[in-house]
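Have a look at the structure below before the remarks.
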2 protein chains.
Amino acid sequence: MERDATGMTVGPEAIRAARTSWRRRQIVDAATRLMGEQGYHDMSVSALAREAGISVGTVYQYLDNKESILLAVLEDVLDTYAAEVPAAMVGLVDPVERLAAGFLAYLDVVDGRRAAAVLAYRESHSLSRAALQRVIALEVATTGLLVAELRAGSATGALRAHDAELVGWNLTMLAHMWALKHRHLGAYRDVGVYGRAQLSTVLCGLLADAARERYGSFLEPTGALPAQAARRGGGSP
Amino acid sequence: MERDATGMTVGPEAIRAARTSWRRRQIVDAATRLMGEQGYHDMSVSALAREAGISVGTVYQYLDNKESILLAVLEDVLDTYAAEVPAAMVGLVDPVERLAAGFLAYLDVVDGRRAAAVLAYRESHSLSRAALQRVIALEVATTGLLVAELRAGSATGALRAHDAELVGWNLTMLAHMWALKHRHLGAYRDVGVYGRAQLSTVLCGLLADAARERYGSFLEPTGALPAQAARRGGGSP
DNA sequence: ACATGGACTGAATACTCGTTCAGTAGCGAA
DNA sequence: TTCGCTACTGAACGAGTATTCAGTCCATGT
């Protein structure tokens, strides 16, 4: 493969590769938008083509069939989780701090693409068995990053004995909850506040007594909010 | 309306009412089964009729259209929540005990109808706005039962200050998690164990220091399990 | 100027599925 | 037996959609 002075590949096949990824992004972005509004089944391929500003035929030039459009959309979000969570933990060594940073990063991705996060729950049953396995593997991998920190925290004694696997899935679930139950969480005006509230709820039951003071900043960091939220929140449907 | 000696209504219109509810149950049960396997969109009305052992026309005699089949299925589960949760709390007066009983009852319903519990997440976007409002109202009402006990617990001083609304939704979410993430929770062989584990996780961060001893039975009631589960659980996808 | 080939188009194809309704079956009353 | 009525049936209809492919367009090389 030819390369230019900066190491970028050049030549016809590089052009093709660039066009392919540009087209796929066009399609995935449009599909994410439409599926978020209408769902997978109610999004017709011609509507997708229109939204993406291309023709139906072109969609089929870059993706095999409708199911693979869905898979591409789901992988796109899950890949973002898998990239952002470790990125947020880089440079931190303390397990509890790494856990907190990872969780908040996960939550940020969910917040940035709430519709897409919901799609993983709504539509993954429409995938073939093989595609579903891919999606599940990605989900397990990301949760695994949190589980590892929980185990490390237990090892250093900062965290009480607990089932890291279970608590890891709880954290994942609470992050997804921001998308799944967003309508009911109106009292929390932004993700940051929600994230710190949930982190404190979880860590409060998890931190060893000896470590409580050290990580006090994670516990009720916004002492005023819960009461405020409780007063505001009438659970408007 | 005519009634017999035991107060049951009799006569032609009672027969009709009985037949209607029998047929609706037939249809809802068959639909729950099929939608659990294939999803709402991939379940054809003729397949539903076949599964229920009746003809297509009969389905339309008892339900207006396909969407109302979905609504009937979702309402069926949500009504069960709304019935079982208060039933489990009857006779208990202590808010923490009532909370625990309500949560475990909720979880039992989820466990008994896991497929249907998942449907509420998967398919409710296919409902009309009005039907969606009904479903949401039922969900809010049931979570409200837990929220009320959380508030009561705060009032008696058994629970630390917290946002009852948020923790209520967390509990709801953790109950749904048993259905949504069931594949990842294999280490917990039955709902009871899972329920007590989650209850202890939540209460551990929620109980006021003064109340910890009193409700010790809820905290790590199966001290051995977490470690066991952690050892078993490889997160098989 | 012309030829070549890849990218793109969108009408045509070949379905499936929700819904209806003319007709059948069964049953109690006269 | 015959009538009347209700519950039930399932073929037929119409709307809609995933996928294909014959043809157009355009950038490039000769």
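Throughout, a chain's letter reflects where its sequence line sits, starting with A, and its residues are numbered from 1.
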Send over the distance from [X] [atom1] to [N] [atom2], rounded to a whole Å.
{"X": "B/Leu48", "N": "C/dG18", "atom1": "CG", "atom2": "P", "result": "10 Å"}
{"X": "B/Leu63", "N": "C/dG18", "atom1": "CG", "atom2": "P", "result": "14 Å"}
{"X": "B/Asn65", "N": "C/dG18", "atom1": "CG", "atom2": "C1'", "result": "9 Å"}
{"X": "A/Arg19", "N": "C/dG6", "atom1": "CZ", "atom2": "P", "result": "12 Å"}
{"X": "A/Gln61", "N": "C/dC8", "atom1": "CD", "atom2": "P", "result": "6 Å"}
{"X": "A/Ile27", "N": "C/dC8", "atom1": "CD1", "atom2": "C1'", "result": "12 Å"}
{"X": "A/Tyr62", "N": "C/dT9", "atom1": "OH", "atom2": "C1'", "result": "13 Å"}
{"X": "B/Arg50", "N": "C/dT16", "atom1": "CZ", "atom2": "P", "result": "13 Å"}

Can A/Asp29 and A/Arg25 be counted as an ion pair, charged N to O under 4.0 angstrom?
-> yes

First-last contacting nucleotides on DNA chain D - partner chain A, under 4.0 angstrom, heavy atom = D/dA18 to D/dT20

Considering only heavy atoms from C-beta outward, does the side chain of B/Val140 approach that of B/Trp169 to under 4.5 Å?
-> yes

Report which part of the nucleic acid B/Arg23 touches: base, sugar-phosphate, or nothing (heavy-atom distance under 4.0 Å, all strands).
-> sugar-phosphate

Answer with base, sugar-phosphate or nothing: what part of the nucleic acid does B/Ser44 contact at a heavy-atom distance below 4.0 Å?
->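 Here B/Ser44 touches the backbone only, sparing every base.
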
Distance from A/Asn170 atom CG to A/Phe103 atom CZ, nearest 0.5 Å?
->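 Nearest 0.5 Å value for the CG-CZ distance: 10.5 Å.
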
For the residue pair A/Thr32 and A/Arg113, confirm or rule out a side-chain donor-acceptor distance under 3.5 Å.
-> no

B/Tyr188 and A/Asp163: side-chain donor and acceptor closer than 3.5 Å?
->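 Yes, A/Asp163 and B/Tyr188 have a side-chain donor paired with an acceptor closer than 3.5 Å.
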
Has A/Ser55 got a side-chain N or O lying under 4.0 Å from the OP1 or OP2 atom of C/dC8?
->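 Checking C/dC8 against A/Ser55, no side-chain N or O comes under 4.0 Å of OP1 or OP2.
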
Please list, chain by chain and in numerical order, all residues satisfying ring pair (Phe, Tyr, Trp, His ring centres under 6.0 Å) with A/His182, sequence neighbours excluded.
->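 Once residues adjacent in sequence are excluded, the partners of A/His182 under the ring pair (Phe, Tyr, Trp, His ring centres under 6.0 Å) criterion are A/Trp178.
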
